[in-house]
Amino acid sequence: MYKYKDLLELKELTADEVNFLLDTAVPMKEVISRPIKKVPTLRGRTVVNLFYENSTRTRSSFELAAKYLSADCINISTSASSVAKGESLYDTARTIQSLGADVIVLRHPMSGAPNLLAKMVKAAVINAGDGAHEHPTQALLDLFTVREHRGEIAGLNVVIVGDILHSRVARSNIWGFTKLGAKVRVCGPPTLMPPGLAQTGAQVFYRLEEALVGADVIIMLRIQKERQQQGLFPGLREYSRLYGLNRERLALARPDVLVMHPGPLNRGLEITHDIADGPAAVIEEQVTNGVAVRMALLYLLTGGGAHSEADY
Amino acid sequence: MKLIIKGGRLLDPASGRDETTDVYVQDGIICARFEPDKSTEIVDAAGKIVAPGFIDMHVHLREPGYEAKETIATGTAAAARGGYTGVACMPNTNPVADNRFIIEFICKRAAEEGRVNVYPIGAITRGSRGEELAEMGDMRDAGAVAFSDDGRPVSDAGLMRRAMQYCKMLDAPVISHCEDQTLAAGGVMHEGYNSTILGLKGIPASAEEVMVARDIILAAETGCPLHIAHISTAGSVALVREAKKQGYPVTAEATPQHFTLTDRAVTRYNTAAKVNPPLRGEKDVEALREGLADGTIDVIATDHAPHTFDEKNVEFDLAPFGLVGLETAVGLVWTELVHTGILTPLQAVAKLSQHPARILGVDRGTLTEGSAADITIIDPVFTQTVDPEQFVGKGKNTPFAGRTLQGLPVITIRSGLCIYAA
């Protein structure tokens, strides 16, 4: 049983709790492989997707996860610009609470917004990505994908490449993979590397060729083009030359390496097309597994698993 | 009006006195021993510390302009409850205290409603915009005791140099909130492991230290007395220590939050711990304590910065910087510095009264005969848990809620009149 009201960050979970979430996603994946992808488990429950940031894939993934479980699901999108001058998160939270939401899925450009929301509402809050803090469901789907291929996470060498400074995906994956016993390496230019990473258990590399030696899993992060305008690195051409994943670099990893990307891809920038579409890439599987993982969370956060007999 | 404070431990750093004795007050002035008559008020101070009235030289009273956060009436009431008999208020009001009229307004309101003495600080530049000098001479005549663009540091080094050259003739210090904006660059907490795991933008130690170094160099060159507000890093302590060794006219203050808390207080996005400069790391706290002990840091000030509940009940990035300090500072000094042996009681009293009075050039900070009878009485064993709902100031934004403090002000006397009793 999942003992928390919310899922805000992987940092606060134990290895057993992470494994339990992943185990719960296994039968969910079976559901979505059926021709009729619908079970009545969450009938009468309401899921609200509250998105303060644009997101097609995460929002769609949560929406389908809710619908496959027969929950009612609505989407509220608020542009980030209205956050500062519009209705406060506090008032929005009270409104959504009063509408009768059981689960609120929050995407927000500011770190910690889900932690704040969780204190304000009785509904379960799922962090769907907040600022540069965490994106726990992304890490769970990454873990699920690796576990499907390798069976075991422990002992694997996982390399995360790119803008670690601004990446919530990197942070959640560092917590998730290290908790399950993998060795995590992060690689990127020093100006995109936050301080204190060694304390998380991750090993820091600036040279991709060194980071990739013996890698079992490579997670490529999307480079945001506006970071260059902020002066954080000299240019996209040099970035691609130093940190782009191509055939020559991939050869440094283990032959059975898995290449992952949270999307959306900058083809030809952080990853070449032959790698993105090649046999090592599991990028589409990640998307499918995302739905399964989110179904598991919606199920557990609405009280599922509290009984010994699961009703899916 | 006659008053005798009996049997307390008198701590008067100006005269070096630390002895159990009676203190005599007549007509608001400390005086020689006299025989009590029927009208003489007697305060039993046995077991208590009797000190010159404390002066907090870094306070935001918010009036005019931000009366929802604090007013001169509520801020000075909070000061009295906190054991202070005087506060110096920063000019970042609305409008900014950058001209004689605002300084006069503050003095007038303080005379009408102020529970404690109020010493206004004028802005260095017009609107604190950092573009052109404000009329500091005029403000000085109207009662300003110092000049600062607190919170909006003068980034133009040439302008800061001219401000210090000009200020020198006014016999008033420049108070510098040292923060290089290009290095702080929108940060919201100390840059380090905790900012990394919280995903919040960091303010590196260098953002403060670069400007501390710059302003020390300018003070040395111009000869203008420079007081560095709320230093927070080990590097700043080292810079000030070296400046003093060189004999430059530099003084510095530290706040209770910076010598008590680290950036771990921000964990779980506690906006009550969002403050500028940010709460730093362990070694910075250690360095501040060393700097307080060895005299590098002259003053303990609060940077009392009240905000409303709604302003702080938002996403961490959106919350304003600042926390309230007037009603917890003395308890934190005793709990964290005196009872731990880092400061003697006499040193603590000096940093809370004698030194701020000297730096601001105000005629306070001692209990020698003939001085104004501004007196703070502390019970060094009195213990209480911080409950923001008990604060008389408007702001409840403190990261110390629930913390137990030992050593608290029990009586505050201004010009011989009791303005607070526990």
Side-chain angles (χ1 to χ4, degrees), chain A residues 8-12 52 80 83-94 106 108-120 127 129-136 164-172 174-175 178 186 192-202 204 230-232, chain B residues 68 180-207 233-235 262-274 278-284 307-321 397 399 401:
Chain A
L8 305 176
E9 46 193 46
L10 286 196
K11 180 174 176 287
E12 68 185 8
Y52 285 87
V83 175
K85 53 189 170 184
E87 187 178 52
S88 69
L89 185 63
Y90 180 62
D91 287 321
T92 304
R94 287 159 65 103
L106 179 67
H108 200 289
M110 293 174 198
S111 301
N115 303 62
L116 182 67
L117 179 68
K119 280 187 269 183
M120 294 169 169
N127 179 3
D130 63 326
H133 175 218
E134 285 220 34
H135 192 350
I164 311 296
L165 179 63
H166 299 94
S167 177
R168 53 199 176 208
V169 174
R171 284 171 181 73
S172 284
I174 289 171
W175 298 124
T178 53
V186 293
L192 294 176
M193 200 64 81
L197 278 173
Q199 267 178 274
T200 65
V204 176
Q230 293 164 6
L232 285 163
Chain B
D180 182 307
Q181 307 279 15
T182 65
L183 290 168
V188 294
M189 69 174 291
H190 176 57
E191 183 181 274
Y193 169 73
N194 286 306
S195 66
T196 293
I197 64 170
L198 291 166
L200 293 171
K201 191 157 181 1
I203 301 173
S206 60
T233 75
T262 67
D263 58 345
R264 280 198 315 276
V266 175
T267 311
R268 302 199 175 280
Y269 303 96
N270 180 9
T271 57
K274 181 175 175 182
L279 302 173
R280 301 285 186 184
E282 302 273 359
K283 73 170 176 52
D284 299 303
H307 294 292
T308 66
F309 172 81
D310 287 331
E311 287 170 322
K312 282 284 198 179
N313 188 31
V314 293
E315 295 87 334
F316 196 88
D317 284 338
L318 297 180
F321 289 102
N397 47 308

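Residue numbers begin at 1 in each chain, while the letters A, B, ... track the order of the sequences.
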Close side-chain approach of A/Met120 and B/Asn313, heavy atoms under 4.5 Å: yes
Side chain / backbone / both / neither for A/Leu197 at chain B, heavy atoms under 4.5 Å: side chain
Nearest-0.5 Å distance that lies between atom OG1 in B/Thr271 and atom CG in A/Leu116: 8.0 Å
Chain A contact residues among residues 198-206 of chain B, heavy-atom distance under 4.5 Å: B/Leu198, B/Gly199, B/Leu200
A/Ser88 OG to B/Glu311 CD distance, which is reported to the nearest 0.5 Å: 12.5 Å
Whether A/Arg171 side chain and B/Thr196 backbone form a donor-acceptor pair below 3.5 Å: yes
Shortest non-hydrogen contact between B/Arg268 and A/Lys119, atoms and distance: O-NZ, 4.1 Å
Rounded distance [0.5 Å steps], CG in A/Leu8 versus OH in B/Tyr269: 9.5 Å
When A/Gly196, A/Ala198, A/Ala113 are compared by non-hydrogen pairs under 4.5 Å with chain B, the top option: A/Gly196
Note, A/Asn115 side chain near B/Phe316 side chain (heavy atom, < 4.5 Å): no
Anything under 3.5 Å between a donor and an acceptor, one on a side chain of residues 180-191 of chain B, the other on a protein residue two or more places apart or in another chain? List them.
{"residue": "B/Asp180", "atom": "OD1", "partner": "B/Thr182", "partner atom": "N", "Å": "2.8"}
{"residue": "B/Asp180", "atom": "OD1", "partner": "B/Thr182", "partner atom": "OG1", "Å": "2.5"}
{"residue": "B/Asp180", "atom": "OD1", "partner": "B/Leu183", "partner atom": "N", "Å": "3.2"}
{"residue": "B/His190", "atom": "ND1", "partner": "B/Arg280", "partner atom": "NH1", "Å": "3.0"}

Given A/Glu134, A/His133, A/Gln199, A/Lys11, the one that forms side-chain contact (heavy atoms from CB on, under 4.5 Å) with B/Ile197: A/Lys11
Contact class of B/Tyr193 relative to chain A, heavy atoms under 4.5 angstrom: both
